[in-house]
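Step one of this worksheet: look at the structure below.
Each ligand, and each atom within it, is numbered from 1 in the order the structure gives. The shown structure was predicted, so the numbers you read here are calculated from the model rather than taken from an experiment. The residues of the chain are indexed from 1 along the displayed sequence.
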Amino acid sequence: MKSISINAEREYQVKFVEDWHKAFAEISQSHAKTLVIAPTELIAQFNLDSLKSPSVQVIPTPNGEVAKNPEFLLQLWEVCGNFGLTRSDAIVGIGGGSTTDLAGFVAATWLRGISWYAIPTSLAGMVDAAVGGKTGINSSHGKNLIGSFHSPQSVIIDQVFLKTLSTRDFNAGMAEVIKSGFIADRRILELAGDAESNIGELIWLSIEVKAKVVSVDFKESREREILNYGHTLGHAIEKLEDYELRHGEAVAIGLVFAAELSNATGNLSSEVVDKHRALLSKFDLPTGYRRDALPQLLELMASDKKTRGSSLRFIGISAVGKPIWLEEVTADQIATAYERIAL
Ligand SMILES: NC(=O)c1ccc[n+]([C@@H]2O[C@H](COP(=O)([O-])OP(=O)(O)OC[C@H]3O[C@@H](n4cnc5c(N)ncnc54)[C@H](O)[C@@H]3O)[C@@H](O)[C@H]2O)c1
């Protein structure tokens, strides 16, 4: 079995397995009680009820993002109490990023933190959400505003899950893969030309990028910010679209904007900017946004939780694999870059 090691508040492994059932059996055997959290549709699709036993409970969540809400979290804490989960027991999240974010947050908060494991089933979950220790839920004030850094004991990657993933969700996950390529690994961009055939290696390399960054700066004091390439505008677009776009779709637009901004500030060649458009379009990802939305987007970016102080900061690149911090961007440069992605 191949694995990638992550050094966060402690070391843990992202394990690449042939059969996640075996990995799950090992997990459940090492704890007196295991609480599985998974979306209703995936419980049916992957027959997760068959995991149930006197020591394993399977709790369905609503599908997708709606599960990450405070009301549902209250219900899950009740479940933990009724099941009698103690400090030596564990929670396992099986699902996309919404599920692993939620499962991780329940584990972070129940008894001030118990063990948890992530079994991501979406591409976005495998290459991003389940790796890195950020857990959380949404507030009426915004996405992921309630959260905690709480690393899993391990992350189990089994590509079998991708077989049932919709094309839209696969493509949205590719936006994060492509982001990893631009900030850190040219090889990812080469392999993305034939993503279906190269998906195993793409997942591996993308996780390696995230693992390296997170191991240097777990709590995002600076180095980890490079993972936000494309996300400053992306988050604002997600919010403006009332979360109707997939995260990766909004990030795709944000990536082209961040590349254009890198170009408008004199840091990046037009060829590399074009490469963003070419690769993202291959996955039917959007690369532009409404011209008239800029004022609203600027306001939303200014209120993003990742903003520090009053000036807008962006992550850019100066070449493939060379991230830079754009800290003194002028309003003119933003307007120039935005005009180039405006529809
Ligand atoms: N913690 C982090 O560092 C981090 C990083 C990035 C994103 N996220 C979070 O991750 C979430 C986005 O992740 P996502 O795109 O996986 O969303 P998701 O979990 O909402 O999944 C999208 C849809 O795909 C379905 N699905 C998942 N796996 C499937 C499979 N194998 N077959 C069929 N359908 C499947 C889900 O049920 C859902 O309907 C957001 O909530 C975002 O905030 C967290």
Exercise for review: Check side-chain hydrogen bond (donor to acceptor under 3.5 Å, both in side chains) between Lys52 and all other residues, then give those that pass, not counting sequence neighbours.
Suggested key: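 Per chain and number, Lys52 pairs via side-chain hydrogen bond (donor to acceptor under 3.5 Å, both in side chains) with Asp49.
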
Practice item. Identify, with sequence neighbours excluded, every residue that meets side-chain hydrogen bond (donor to acceptor under 3.5 Å, both in side chains) alongside Gln296. Key: none

Study note, to complete from the structure: Those residues with a heavy-atom separation under 4.0 Å from ligand 1 are Glu41, Leu42, Gln45, Phe46, Gly64, Glu65, Lys68, Gly96, Gly97, Ser98, Asp101, Thr121, Ser122, Ala124, Asp128, Ala129, Lys134, Lys143, Asn144, Phe161, Thr164, Leu165, Asp169, Lys210

Practice item. Using a 4.5 Å cut-off on heavy atoms from C-beta on, say whether the side chain of Phe314 contacts that of Phe257. Key: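 With C-beta onward as the side chain, the pair touches.
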
Check your understanding: Hey, are Glu327 and Arg222 close enough for a salt bridge, meaning a charged N less than 4.0 Å from a carboxylate O?
Key ->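 Salt bridge between Glu327 and Arg222, a charged N being under 4.0 Å from a carboxylate O: yes.
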
Check your understanding: Does one side chain, of Thr86 or Asp89, offer a donor that lies under 3.5 Å from an acceptor on the other?
Key -> yes

Expected list for residues 33-45: side-chain donor-acceptor pairs under 3.5 angstrom, two or more places apart:
unit_1	atom_1	unit_2	atom_2	d
Lys33	NZ	Phe83	O	2.8
Thr40	OG1	Thr61	O	3.0

